[in-house]
There are 2 protein chains.
Amino acid sequence: MSRFDQRLSEILTHATDVFDEKGYAGASMRDLSRASGMSLAGLYYYFESKEKLLYLIQRHTFTTILERLRTRLEDVTEPEARIRVFILNHLEYFLANQKSMKVLSHEDEVLKNGYGAEIAAIKREYVRICVELMEELKRARDLDFSSRTATLSLFGMMNWIYTWYKPRVDGNAEELAREMGDIFLRGVSSGKASKKDPEKRTDLIL
Amino acid sequence: MSRFDQRLSEILTHATDVFDEKGYAGASMRDLSRASGMSLAGLYYYFESKEKLLYLIQRHTFTTILERLRTRLEDVTEPEARIRVFILNHLEYFLANQKSMKVLSHEDEVLKNGYGAEIAAIKREYVRICVELMEELKRARDLDFSSRTATLSLFGMMNWIYTWYKPRVDGNAEELAREMGDIFLRGVSSGKASKKDPEKRTDLIL
DNA sequence: ATATTTATCGAACGTTCGTTCGAACTCCTG
DNA sequence: CAGGAGTTCGAACGAACGTTCGATAAATAT
């Protein structure tokens with residue numbers, strides 16, 4: 001890892017802190033300069049615009065969590081266990097990198113065109129995997145529920161924690177993953193749900 | 001309703017559109033001026049700062065949904081039904097006022113000091129009611145789960161919809177409330193969950 | 001030690017920001 | 001129709017914005 005890359009990732013870390021606290025639009029380049037201990041002009045040696053900086057943060061965060069997920073899923077075949085792996089992976093990374101994940105979640109719509117499209121593609125792939133896990137579970141247990149609503153509800157449960165999680169009160173990722181996994185999996189485990197429209201589309205429009 | 005109040009609420013509506021689209025920090029007073037068809041200076045006849053404008057939007061949205069909830073809960077006594085009333089009320093208002101609710105959810109932390117404290121107090125009361133419904137259910141059915149985690153997970157499921165809801169795909173509030181109610185209530189209905197720490201605190205620190 | 005690349009900086013650019021102010025317009029009341 | 005209150009506006013304020021540029025300092029290579 002070159003000196004350049006190392007310094008860049010330090011800047012990314014500090015920028016993440018600032019975006020977390022003030023939001024992307026609310027954070028100024030001068031804020032970032034102050035936080036990273038580098039001059040305003042100096043920052044532009046490492047990236048060409050504020051927008052690109054957000055892109056770099058989001059891409060790194062998203063590709064990392066996706067990578068870890070893929071590795072972990074390799075070892076597990078049972079459908080419910082695979083969903084629990086998904087939940088645990090998501091929450092573990094979320095809590096260990098709360099600021100990055102808030103910047104990823106909260107600044108979801110600010111990147112436009114090229115950068116935005118690239119991040120959106122990673123996101124689509126991440127969600128697609130989760131929907132597939134739902135489909136596996138439905139097939140294995142002959143369940144009937146909307147994979148789309150279920151998946152997006154699950155993401156809601158998990159992603160919302162950035163608004164309320166307090167380490168001292170809410171325990172670690174394992175506990176939380178177990179609690180949320182219990183609620184979600186038991187909630188979804190019954191033929192009764194969503195009987196009305198079993199052909200409900202499962203592809204996602206995001 | 002005075003002419004002043006009427007014009008103000010028109011401005012609030014247009015401002016909500018702009019905040020929804022660009023975020024509070026990303027929206028300029030000139031954007032708001034353009035959207036509401038009034039001159040930049042003219043806006044300041046109706047409110048004294050951009051911050052106050054966000055406060056007015058958030059307060060109106062939050063007090064309205066809270067008011068409706070109280071009215072609806074008066075008619076229902078059975079614990080599970082009361083939670084379903086909460087979910088339906090929340091989702092109905094959320095979908096009918098998507099932009100306002102996004103501004104309320106997404107710009108949660110931007111108001112500081114006086115204004116922020118007032119909104120936070122309404123929020124605390126709203127969440128407190130939901131936690132109490134959980135406690136009622138637990139008592140009535142002798143269940144054992146963390147009211148805090150359950151409540152906040154439920155809020156996550158519901159509030160996250162502003163990131164994915166498409167009317168044509170996801171149906172109306174009733175359907176969604178039934179689906180999410182099924183998942184959540186079935187998920188929470190079992191003595192097995194969270195057995196490990198039955199004394200887990202139920203008061204919320206937000 | 002010198003030359004060359006890599007890294008950092010102060011100062012400034014033009015633009016946009018939230019807000020103010022006094023003048024003007026509109027409207028209701030006497 | 002005169003007059004005062006209620007409403008709207010153009011123009012401007014100083015401050016802060018994202019970005020650029022040429023000079024300088026530090027690190028590396030010769």
Side-chain angles (χ1 to χ4, degrees), chain A residues 1-58 103 106-107 109-116, chain B residues 1-59 103 106-107 109-116 119:
Chain A
M1 197 179 193
S2 71
R3 183 179 147 74
F4 179 92
D5 290 332
Q6 207 167 323
R7 195 87 179 85
L8 174 56
S9 86
E10 283 175 33
I11 295 172
L12 256 48
T13 303
H14 289 121
T16 303
D17 292 346
V18 179
F19 286 160
D20 168 60
E21 202 169 325
K22 309 186 134 195
Y24 171 77
S28 73
M29 288 299 297
R30 282 156 185 86
D31 290 331
L32 303 178
S33 155
R34 211 172 303 118
S36 53
M38 176 173 284
S39 73
L40 184 54
L43 292 174
Y44 283 85
Y45 179 70
Y46 289 95
F47 49 89
E48 54 231 76
S49 70
K50 190 185 169 193
E51 200 188 5
K52 174 101 180 203
L53 181 58
L54 177 60
Y55 162 75
L56 290 173
I57 293 173
Q58 294 195 334
V103 173
H106 201 79
E107 314 293 348
E109 289 175 310
V110 339
L111 253 25
K112 308 287 183 194
N113 307 322
Y115 294 150
Chain B
M1 199 179 191
S2 71
R3 181 177 146 76
F4 179 92
D5 290 331
Q6 207 167 323
R7 196 87 179 84
L8 173 57
S9 86
E10 283 175 31
I11 294 172
L12 255 51
T13 302
H14 289 121
T16 302
D17 292 345
V18 179
F19 286 160
D20 167 61
E21 202 169 325
K22 307 187 137 196
Y24 171 77
S28 73
M29 288 299 295
R30 282 154 186 87
D31 290 331
L32 304 178
S33 157
R34 212 172 303 117
S36 54
M38 178 174 281
S39 74
L40 183 55
L43 292 173
Y44 283 86
Y45 178 71
Y46 288 94
F47 50 88
E48 54 231 74
S49 70
K50 191 185 168 191
E51 200 189 5
K52 173 100 180 205
L53 180 58
L54 177 60
Y55 162 75
L56 289 175
I57 292 173
Q58 294 196 334
R59 190 187 59 174
V103 172
H106 201 81
E107 313 295 347
E109 288 175 309
V110 339
L111 253 25
K112 308 284 180 197
N113 306 322
Y115 294 150
I119 301 297

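Chain A is the first sequence line, chain B the second, and so forth, proteins listed ahead of strands; every chain is numbered from 1. Basis for what follows: all heavy atoms, side chains included, without hydrogens, waters or symmetry-related copies. These numbers were taken from a predicted model, which means no experiment stands behind them.
Counting any heavy atom pair closer than 4.0 Å across all strands shown, Ser39(A) reaches a base atom. Backbone-only contact: Tyr46(B) has heavy atoms under 4.0 Å from sugar-phosphate atoms and none from a base. At the heavy-atom level, Ala27(A) lies under 4.0 Å from the strands shown only through sugar-phosphate atoms. Among the atoms of the strands shown, base atoms are found under 4.0 Å from some heavy atom of Arg30(A).
Heavy-atom distances to DNA chain C give each of Arg3(B) and Lys50(B) a nearest nucleotide, and the one nearer the 5′ end belongs to Lys50(B).
Of all nucleotides in DNA chain D, those with any atom nearer than 4.0 Å to a heavy atom of chain A start and finish, going 5' to 3', at dC17(D) to dC21(D).
Whole-Å rounding puts the Leu43(B) CG to dT19(C) C1' distance at 11 Å. Glu51(B) has its CD atom 18 Å from the P atom of dC17(C), to the nearest Å. Atom CE of Met38(A) is separated from atom C1' of dG10(C) by 15 Å (rounded to the nearest Å). Atom OH in Tyr45(B) sits roughly 19 Å away from atom P in dT19(C) (whole-Å rounding). Distance, Glu48(B) CD to dT19(C) P: 10 Å, rounded to whole Å. Residue Asp31(B) contributes atom CG, which lies 11 Å from atom C1' of dT16(C) at whole-angstrom precision.
Taking the six-membered ring wherever Trp is involved, the centroid distance between the rings of Tyr55(B) and Phe47(B) does not fall below 6.0 Å.
In this structure, Lys50(B) forms a cation-pi arrangement with Tyr24(B), its terminal cationic atom sitting closer than 6.0 Å to the ring centre and no more than 45° off the ring axis.
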